[in-house]
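Everything on this sheet refers to the single structure shown next.
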Amino acid sequence: MKAAGAGGIGIVVGDVLTTNAFGQTGLPPKPITMSNDEWFAQRAWSVSANRVVPDADGKPQPVTSLAKRIHRPKSAAEIAAIVKSLPPSTPVACVCGGHEASGTALIANDNAEILDLIELKKIEFGHSGDDQLVTVGSGVVFRELVEAVKTHGGALPVGTGPGVGVAGYVTNGGLSSYFSRRLGLLGQRVVEMTIVTADGDIRTLTPEDTLFTAMLGAGSALAIVVDMTIRVAAADAIKHAEQLVFGFENRAQAIEFSRTVMQFMKEKVIPNESVSLELVVTGTKALVATIVFYDTFTGSTADFIRPLQDAAAGQDLPTLATAEWNSWYEAAAALWPVIAEQKGSPLATSYHCVGTTGIPEAKVLDFVADVVVGEAPLNEAGMSIVEIRTLGGATQKGRRLPSGNCHHAFFVDLVTLYDAGSKSPAERQEIVDLTNRVVDKSRAMPGLSVDFSGTHSQPDDIGRSAVASEIFGSQAMATAVEEQKKKMDPNNRFRFHPFSKFLS
Ligand SMILES: Cc1cc2nc3c(=O)[nH]c(=O)nc-3n(C[C@H](O)[C@H](O)[C@H](O)COP(=O)(O)OP(=O)(O)OC[C@H]3O[C@@H](n4cnc5c(N)ncnc54)[C@H](O)[C@@H]3O)c2cc1C
């Protein structure tokens, strides 16, 4: 028999009732009966680009879940009962949306128990004073949250992927390219959280708890989130958005256009917090500029975007499409159809980011144009993109979280993405090598941060890893997270997360 834990929890391993912190009793639910392969195919959006290359022995690596058992708990009490029923050293992996690029939680290991949180679909609205709040279960994905927030006239700094898990995004410090400059990181809007600890205790955390802050950027290493309560912004915080899509034929054109747009970003957008700009350079030879105007913007939106149109005209780039959005919802949902087209057998991916905390110097912009845009494997991995973004604004002014994202004003994301079924092992290796070459060159570039985000770094890169002080934003935050890790999870049960190389 295992001893009772804090909060009055009693537990006997085996077929015996457990009593949780809220006084409920119950057996741990039975694991799912679906095979690991079937479950993985259903829940994994992609597999890591590092997994579809032969390993050092020349053998392919498994692209399925290795877990011993997979559970689908329906409540905090069921999560607690499962955790309590296991030996304290058994590793536990949590899966929310299944979109993390290395797939570490989906794959886990052969001793691990996976908690697939897909059944935790609560979305409940409430109020605290003048603030509208929404409580979101840890199985909720962005499409569900965005649709619900729309009906309540709200806005949130959500991620672009409709299937990305809200909990997986927040616990790894996720950012919104379109909305974070005005609304901060989603984690900066969280006011309360229910968790289950590595001991199986159910706890409610508020901003006064040290663990609360640590959860909003390093949470996937510390505890299991059951739900989060988030402060909703008014929908009219987002006034208008324009998207301009230009075509290019060769990389030199993409480099030149990116350089001009980044100069515009530096001079006109980064110093002006009432607007954000994202330029996406795609493997399908498009340059997609999205300009989001916030409620604080004054002046003519047409005048504001004209230099971008002039730059494209000056290079004779054809306009492929234009779009205007007049609500937060339209902008939040705009990329869903594009992302729905990203398919592969399997879809292989890796994520990396670079950026600066202040206004980028000219040599940094040249580097991003010449190397990140110029050398990214856009031809070899055809669905790949380079996203060049403004951040900062409310994100830099808001509460400090353990995420490099809340320190950066300028953010470039290299998403390597392709259909592995259409590539030979040698071609897959070439894609990994080309991506690594860009990352290595970026690390050598003074003034540029590299892999400072839990949602835009690739934890399974071989021989490469983000640094704790960079990914958590500062050495002090890294130390605070390490202390929480030792205190909350001394057996390192929660080891399947983007920080696993340096946090155990
Ligand atoms: C199409 C697409 C669009 C994206 N857009 C953005 C974007 O706009 N901004 C951005 O920042 N990122 C973005 N990302 C990256 C994404 O936010 C991260 O990969 C995120 O971690 C995925 O969360 P998930 O729940 O879907 O993944 P999962 O693989 O389920 O989880 C990711 C990590 O979080 C942990 N975790 C999940 N749920 C819990 C829980 N309840 N408690 C504790 N730990 C938990 C898991 O164990 C795992 O370590 C995008 C990714 C894709 C594929």
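All ligand and atom numbering here is 1-based and tracks the order in the structure.
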Just by distance, do the side chain of [X] and the backbone of [Y] share a donor-acceptor pair under 3.5 Å?
X: D295; Y: K239; result: no
X: T90; Y: P87; result: yes
X: S442; Y: V438; result: yes
X: H152; Y: A148; result: yes
X: N172; Y: G168; result: yes
X: E147; Y: E144; result: no
X: T356; Y: L448; result: no

Using a 4.0 Å heavy-atom cut-off, say whether [X] meets ligand 1 through its side chain, its backbone, both or neither.
X: H456; result: side chain
X: V225; result: both
X: S220; result: both
X: S453; result: neither

TODO: Could you give me the CA-CA distance, side-chain angles and deciding distance for S274 and F293, then say whether side-chain contact (heavy atoms from CB on, under 4.5 Å) is met?
DONE: CA-CA 6 Å; S274 69; F293 299 93; over 6 Å; no

- [ ] Start with the C-alpha gap between L175 and L391, add the side-chain angles, then the distance that decides, and say whether side-chain contact (heavy atoms from CB on, under 4.5 Å) holds.
- [x] CA-CA 9 Å; L175 67 97; L391 199 53; 4.2 Å; yes

With nothing but distance in play, are any N or O atoms of [X] less than 3.5 Å from an N or O of ligand 1?
X: R389; value: no
X: T455; value: yes
X: V164; value: no
X: T104; value: no
X: G219; value: no
X: C94; value: yes
X: T160; value: yes
X: L175; value: yes
X: F496; value: yes
X: G168; value: yes

Closest approach of any protein heavy atom to [atom], naming residue and atom:
atom: atom 26 (O) of ligand 1; answer: G165 N, 2.9 Å
atom: atom 27 (O) of ligand 1; answer: H99 N, 3.1 Å
atom: atom 51 (C) of ligand 1; answer: Y351 OH, 3.1 Å
atom: atom 34 (O) of ligand 1; answer: N172 ND2, 3.2 Å
atom: atom 28 (P) of ligand 1; answer: G98 N, 3.4 Å
atom: atom 38 (N) of ligand 1; answer: C96 CB, 3.2 Å
atom: atom 22 (C) of ligand 1; answer: E100 N, 3.8 Å

Heavy-atom contacts with [X] under 4.0 Å: which atoms of ligand 1 show up? List them by number with element.
X: G174; result: 11 (O)
X: L117; result: 40 (C), 41 (N)
X: A105; result: 46 (C), 47 (O), 48 (C)
X: A167; result: 41 (N)
X: I224; result: 42 (N)
X: G159; result: 7 (C), 8 (O)
X: S138; result: 41 (N)

Report yes if some heavy atom in the side chain of [X] is under 4.5 Å from a heavy atom in the side chain of [Y]; otherwise report no.
X: D460; Y: I462; result: no
X: I238; Y: F179; result: yes
X: H352; Y: Q458; result: yes

Look at ligand 1 and say whether [X] reaches it with a heavy atom at a distance under 4.0 Å.
X: V95; answer: yes
X: A93; answer: no
X: A223; answer: yes

Task: Lys/Arg-Asp/Glu bridge criterion (N-O < 4.0 Å) met for E119, R72 - done: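 Salt bridge absent between E119 and R72.
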
Open item on the list: How long is the straight-line distance from CD of E38 back to OG1 of T64, given to the nearest 0.5 Å?
Closed with: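 Atom-to-atom, T64:OG1 and E38:CD are 10.5 Å apart.
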
TODO: Show your working on side-chain contact (heavy atoms from CB on, under 4.5 Å) between M228 and E192 and close with a plain yes or no.
DONE: CA-CA 6 Å; M228 286 173 294; E192 195 176 287; over 6 Å; no

Task: NZ/K487: more than 12 non-hydrogen atoms of other groups inside 6.0 Å - done: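 Open.
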
TODO: Using heavy-atom distances, let me know which of A101, G97, G173 sits nearest atom 24 (P) of ligand 1.
DONE: G97

- [ ] Go through S384 and T416 one step at a time and tell me if the side-chain hydrogen bond (donor to acceptor under 3.5 Å, both in side chains) criterion holds.
- [x] CA-CA 5 Å; S384 298; T416 303; 4.7 Å; no

Task: Geometric class of the Y351/H456 ring pair [parallel <30°, tilted 30-60°, perpendicular >60°] - done: tilted

